Amino acid sequence: MIFGGLEKFTLIDYPGKTACILYTIGCNFRCPYCHNPELVDETVETRINEEEVMDFLKTRVGLLDGVVITGGEPTMHNDLISFIKKIKELGFLVKLDSNGTNPSVLKKAISEGVVDYIAMDIKSPLSKYSQTVSRPVDIEKIRQSIDLLLSSPIDYEFRTTLIKSLVSESDVLEIGEEIRGAKKYYLQKFVSTKILNPQFKNKITYSEEELTSFQKGLQNYVKYCGIR
Ligand code: SF4
């Protein structure tokens with residue numbers, strides 16, 4: 001695999017673990033608030049091959065708990081699972097971030113025991129997905145990925161980035177219904193930094209007060225709801 005970035009250390013991207021982050025190139029969505037536009041439109045200048053990544057990881061055996069694979073959308077890459085297997089052989093935990101468009105890849109990763117944690121974005125209620133991600137979406141696949149995680153033995157989380165003009169209060173509750181029974185769901189504040197669609201730079205996220213109110217409402221749907 002070829003990667004568009006390697007962050008050597010993080011304490012916040014793999015809950016409770018020390019980790020490094022690998023960024024894959026390319027994505028099948030165009031979320032206007034995406035913080036990694038150069039990975040999504042594949043203009044990223046950094047290109048790191050698998051051998052370089054493995055050489056780095058070998059120096060971190062015993063020092064880091066895990067590896068976070070994010071993107072872009074990692075499941076678009078046919079060699080993802082065979083690559084993860086090599087990481088697992090070094091003894092690392094693996095967290096995979098995904099937009100849920102490839103349930104068959106997630107299913108294979110879970111059934112073959114090569115991932116320890118999956119974080120899946122829930123962009124909006126299923127009925128608004130294409131509008132939110134600016135691409136046609138096979139909603140059945142998103143539904144399958146949600147169901148897969150809900151019944152999965154591994155640790156997972158769902159998460160939604162909240163911009164008022166994209167996800168309304170009633171949308172948040174609709175999402176709660178669509179992921180009913182989930183172990184963990186995070187409401188993420190939109191932070192306006194470098195983003196895919198500059199017109200979204202000044203879009204407004206919800207206040208702490210509003211998020212806390214959503215959090216309370218979501219307790220009826222999910223086992224744990226956090227704000228980040
Ligand atoms: S936020 Fe995630 S799913 Fe959306 S365009 Fe960016 S990388 Fe793709």
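This structure is a prediction, so every number in the text was calculated from the model and none was measured. Each ligand, and each atom within it, is numbered from 1 in the order the structure gives.
Applying the 6.0 Å contact sphere to NZ of K8 captures no more than 12 heavy atoms from other residues, nucleotides or ligands. Heavy atoms of other residues, nucleotides or ligands lying less than 6.0 angstrom from CD1 of I204 number 12 at most. Counting heavy-atom neighbours within 6.0 Å of K183 NZ, excluding the residue itself, gives a total above 12.
Looking only at heavy atoms of the protein, atom 6 (Fe) of ligand 1 is closest to C34 SG, 2.3 Å. The protein non-hydrogen atom at the shortest distance from atom 1 (S) of ligand 1 is K123 NZ, 3.6 Å.
H35 does not count as a contact of ligand 1, since none of its heavy atoms falls under 4.0 Å from the ligand. The shortest heavy-atom distance from N36 to ligand 1 is not under 4.0 Å.
Atom 8 (Fe) of ligand 1 has C27 among its coordinating residues (N/O/S atom, backbone or side chain, under 2.8 Å).
In summary, the atoms of ligand 1 found under 4.0 Å from a heavy atom of F29, numbered by their order in the structure, are 3 (S), 5 (S). When each atom of ligand 1 is checked for a heavy atom of N99 under 4.0 Å away, the hits are 3 (S). Within ligand 1, the atoms closer than 4.0 Å to a non-hydrogen atom of V40 are 5 (S), 6 (Fe), 7 (S), numbered from 1 in the order shown.
Salt-bridge formation is not detected for the pair R143/E178: no Lys NZ or Arg NE/NH1/NH2 atom is positioned less than 4.0 Å from an Asp or Glu carboxylate oxygen.
Just one residue in the list L22, V67, I21 forms a side-chain contact (heavy atoms from CB on, under 4.5 Å) with L6, and that residue is L22. Here the rule is side-chain contact (heavy atoms from CB on, under 4.5 Å) with Y23, and of V68, I48, N36, D97 only N36 fits it.
Comparing G72, G26, C31, P37 against atom 7 (S) of ligand 1, the shortest heavy-atom distance belongs to G72.
Taking the six-membered ring where the residue is Trp, the centroids of F3 and F83 are separated by under 6.0 Å.
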